[in-house]
Amino acid sequence: MLLSVIRRIAGPAAVLVLCAGAPSVAAEADRPPSPAPAASASPAAAASPSPSPAPALQWRSIGPAVSGGRVAAVAGTDLDPALMYAGAAGGGVWRSTNGGTDWTPVFDKAGTQSIGAIAISPRDKNDVWVGTGEPWPRNDVIPGDGVYHSTDGGKNWAHLGLAQTSQIARVLLDPRDPKRVLVAALGDPFRDSAERGVFRSTDGGATWTKTLYAGAAVGASDLAMDPKNPDVLYAGMWRFRRSAWNLTSGGDDDGIYKSTDGGATWKRVTGNGLPAGTTGRIALAIAPSDAKRIYALVESKDGLLWRSDDAGASWKMTSANTLINERPFYYSRIVVDPHDADHLFSVSVKLAESNTGGKTWHVSGKGLHGDHHDMWIAANGRAIVEANDGGVGLSRDGG
């Protein structure tokens with residue numbers, strides 16, 4: 001395509017415009033010059049003043065909505081149905097105070113914008129905890145730098161240690177004592193590190209004790225607390241290693257661990273129906289309406305979902321439907337309806353729902369963006385906040 005320079009006269013200044021498809025420069029030059037305009041009888045116009053420099057430009061974000069991408073964690077509170085938080089894989093923490101209509105970033109001054117877990121105290125809606133480091137370790141995962149705490153609803157944050165844990169999968173708060181905090185740390189996906197496992201604080205994060213550790217390559221993939229007795233906890237432990245081109249998942253130390261003293265000590269749960277041999281990532285959930293009902297989503301060659309109806313004394317494989325766990329390293333979370341122990345959700349490539357205690361499953365959340373990572377259900381069983389790769393999904397009718 002030919003390019004030419006066209007001279008356009010606008011007052012005393014000449015503007016050169018580069019055009020495509022116009023006559024060539026050579027053709028323009030071959031033309032005879034235009035006659036000079038007749039001299040004006042009026043005095044010469046004064047020269048235009050030099051333009052002043054443009055003011056300094058400031059950038060502002062105009063989208064996309066909410067976090068600008070993958071949301072890794074969400075949290076709500078029954079103390080205020082309009083309050084909810086969303087944590088992005090690389091966009092920090094966002095807060096809504098009007099039921100999800102508007103969102104405000106509240107974590108921009110923190111040391112990292114990769115969020116792994118969010119917890120709100122059941123006693124004080126302004127008491128908010130954040131575990132940093134997205135817990136879904138793709139090859140482009142961003143590391144976190146530990147735990148943050150806010151006592152004023154996210155206006156200000158204090159960094160409370162565990163800076164080398166890299167990725168945090170869960171933060172749990174004891175409903176009886178807000179200073180008792182438990183953290184499930186996946187740890188560094190790319191190398192061995194002692195900064196992984198389950199950490200416990202009894203003084204509001206001033207000090208931490210590592211109470212469950214299964215090796216330098218084994219991280220804590222999940223934690224679940226008995227809603228009737230917070231001293232009873234279950235943890236999933238997972239050996240994994242990530243590189244830019246590969247992921248190794250599973251090892252001899254993987255499995256479910258149980259504590260009956262608030263996370264101070266742990267004992268491995270084996271046999272009695274649980275899969276034997278090497279397993280991979282594990283997600284856990286306890287039914288709020290029936291504390292004896294426990295679900296374990298296990299990356300295993302023998303199935304995917306195990307269920308206990310007697311507080312972990314025995315287990316039965318309930319489902320091998322890959323709909324509920326298509327990429328275990330990237331999606332592993334089970335959430336149970338507070339009112340119905342048989343009604344549960346599994347987040348995966350698609351949002352899966354069961355009304356039969358995990359025996360059968362169907363796709364839920366039609367119209368939502370794919371790739372789901374987290375979910376919070378209100379005590380009324382109706383309001384749901386859901387995290388996916390496109391942002392936040394909301395339901396007011398139980399899904």
Side-chain angles (χ1 to χ4, degrees), residues 169-170 221-228 232-236 238 254-258 269-277 279-366 368 370-379 381-382 384 386-388 393 395 397-399:
R170 183 80 78 173
S221 59
D222 207 357
L223 279 172
M225 178 182 287
D226 187 329
K228 308 296 184 184
V232 176
L233 298 130
Y234 295 84
W238 175 40
D254 294 351
I256 299 172
Y257 291 73
K258 182 177 182 178
V269 180
T270 58
N272 298 311
L274 285 173
T279 59
R281 185 164 188 156
I282 296 172
L284 298 159
I286 303 174
S289 61
D290 180 4
K292 292 184 178 181
R293 175 73 63 82
I294 307 170
Y295 292 97
L297 189 63
V298 183
E299 181 186 1
S300 169
K301 60 181 177 57
D302 298 322
L304 289 173
L305 184 68
W306 273 258
R307 168 179 150 180
S308 175
D309 294 314
D310 52 15
S314 62
W315 299 80
K316 183 178 181 180
M317 200 277 283
T318 307
S319 178
N321 188 343
T322 57
L323 174 67
I324 65 177
N325 207 14
E326 295 188 36
R327 296 170 70 192
F329 80 91
Y330 193 48
Y331 324 96
S332 284
R333 187 137 291 178
I334 290 286
V335 185
V336 188
D337 186 327
H339 292 280
D340 184 354
D342 288 332
H343 183 211
L344 61 155
F345 294 87
S346 179
V347 297
S348 189
V349 174
K350 296 180 180 179
L351 184 61
E353 182 178 10
S354 174
N355 294 293
T356 58
K359 297 176 183 178
T360 59
W361 294 85
H362 61 272
V363 175
S364 183
K366 293 180 180 179
L368 289 175
D371 294 2
H372 307 271
H373 297 290
D374 196 16
M375 177 183 283
W376 176 85
I377 305 179
R382 305 289 290 171
I384 300 177
E386 184 269 343
N388 60 62
S395 175
D397 58 4

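Note that the structure is predicted; figures quoted are calculated from it, not measured.
- Residue Lys292 places its NZ atom among 12 or fewer non-hydrogen atoms of other residues, nucleotides or ligands, all under 6.0 Å distant.
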side-chain contact (heavy atoms from CB on, under 4.5 Å) evaluation trace for Arg281 with Ser332: CA-CA 7 Å; Arg281 185 164 188 156; Ser332 284; 3.7 Å; yes
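- Between Ala341 and Asp290, the closest heavy-atom pair is CB-CB, 4.3 Å.
- Counting heavy atoms from C-beta outward, Leu351 and Leu368 have side chains that approach closer than 4.5 Å.
- Annotation: the span from Ile334 atom CD1 to Leu284 atom CG amounts to 9.5 Å, rounded to 0.5 Å.
- Here CZ of Arg170 is found 10.0 Å from OG of Ser221. Values are rounded to the nearest 0.5 Å.
- The side-chain heavy atoms of Ile384 and Met375, taken from C-beta on, include a pair separated by under 4.5 Å.
- For the salt bridge (Lys or Arg N to Asp or Glu O under 4.0 Å) test with Arg293, the passing option among Asp340, Asp337, Asp309 is Asp309; the others fail.
- In this structure, the side chain of Ser348 engages the main chain of Glu326 through a donor-acceptor pair within 3.5 Å.
- Note that CD1 of Ile324 and CD of Glu353 are 13.5 Å apart. Values are rounded to the nearest 0.5 Å.
- The side-chain heavy atoms of Asn325 and Leu297, taken from C-beta on, include a pair separated by under 4.5 Å.
- Distance check, rounded to the nearest 0.5 Å: CG of Asn355 to CG of Asp342 gives 8.5 Å.
- The six-membered or imidazole ring of His373 lies near that of Tyr330, with a centre-to-centre distance under 6.0 Å.
- Between Tyr295 and Thr318, every side-chain heavy-atom pair lies at or beyond the 4.5 Å cut-off.
- Contact between Leu304 and Met317 at its shortest, heavy atoms only, is N-SD, 4.5 Å.
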Verdict with reasoning, Val347 to Asp374, per side-chain contact (heavy atoms from CB on, under 4.5 Å): CA-CA 7 Å; Val347 297; Asp374 196 16; over 6 Å; no
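- For the atom pair Leu323 CG and Trp361 CH2, the distance stands at 8.0 Å (nearest 0.5 Å).
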Criterion side-chain contact (heavy atoms from CB on, under 4.5 Å) on Ile282 and Asp222, from CA distance to verdict: CA-CA 7 Å; Ile282 296 172; Asp222 207 357; over 6 Å; no
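- One finds the CE atom of Met225 at 13.0 Å from the OH atom of Tyr234 (value rounded to the nearest 0.5 Å).
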Test side-chain contact (heavy atoms from CB on, under 4.5 Å) applied to Asp226 and Leu233, step by step: CA-CA 6 Å; Asp226 187 329; Leu233 298 130; over 6 Å; no
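- Residues Ser319 and Gly358 approach most closely at CB-O, 3.3 Å, considering heavy atoms.
- Residues Gly255 and Thr279 approach most closely at N-OG1, 4.3 Å, considering heavy atoms.
- You'll find the side chain of Glu386 stays beyond 4.5 Å of the side chain of Phe345, heavy atoms only.
- Heavy atoms only, all atoms of each residue included: Pro338 and Ser289 are closest at O-CB, 3.3 Å.
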Intermediate values then yes/no, side-chain hydrogen bond (donor to acceptor under 3.5 Å, both in side chains), Ser308 and Asp310: CA-CA 6 Å; Ser308 175; Asp310 52 15; 2.9 Å; yes
Test log, rule side-chain hydrogen bond (donor to acceptor under 3.5 Å, both in side chains), inputs Arg333 and Tyr331: CA-CA 6 Å; Arg333 187 137 291 178; Tyr331 324 96; over 6 Å; no
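- Looking only at side-chain heavy atoms (C-beta outward), Val269 and Trp315 come within less than 4.5 Å of each other.
- A heavy-atom distance below 4.5 Å is not found between the side chains of Val335 and Leu344.
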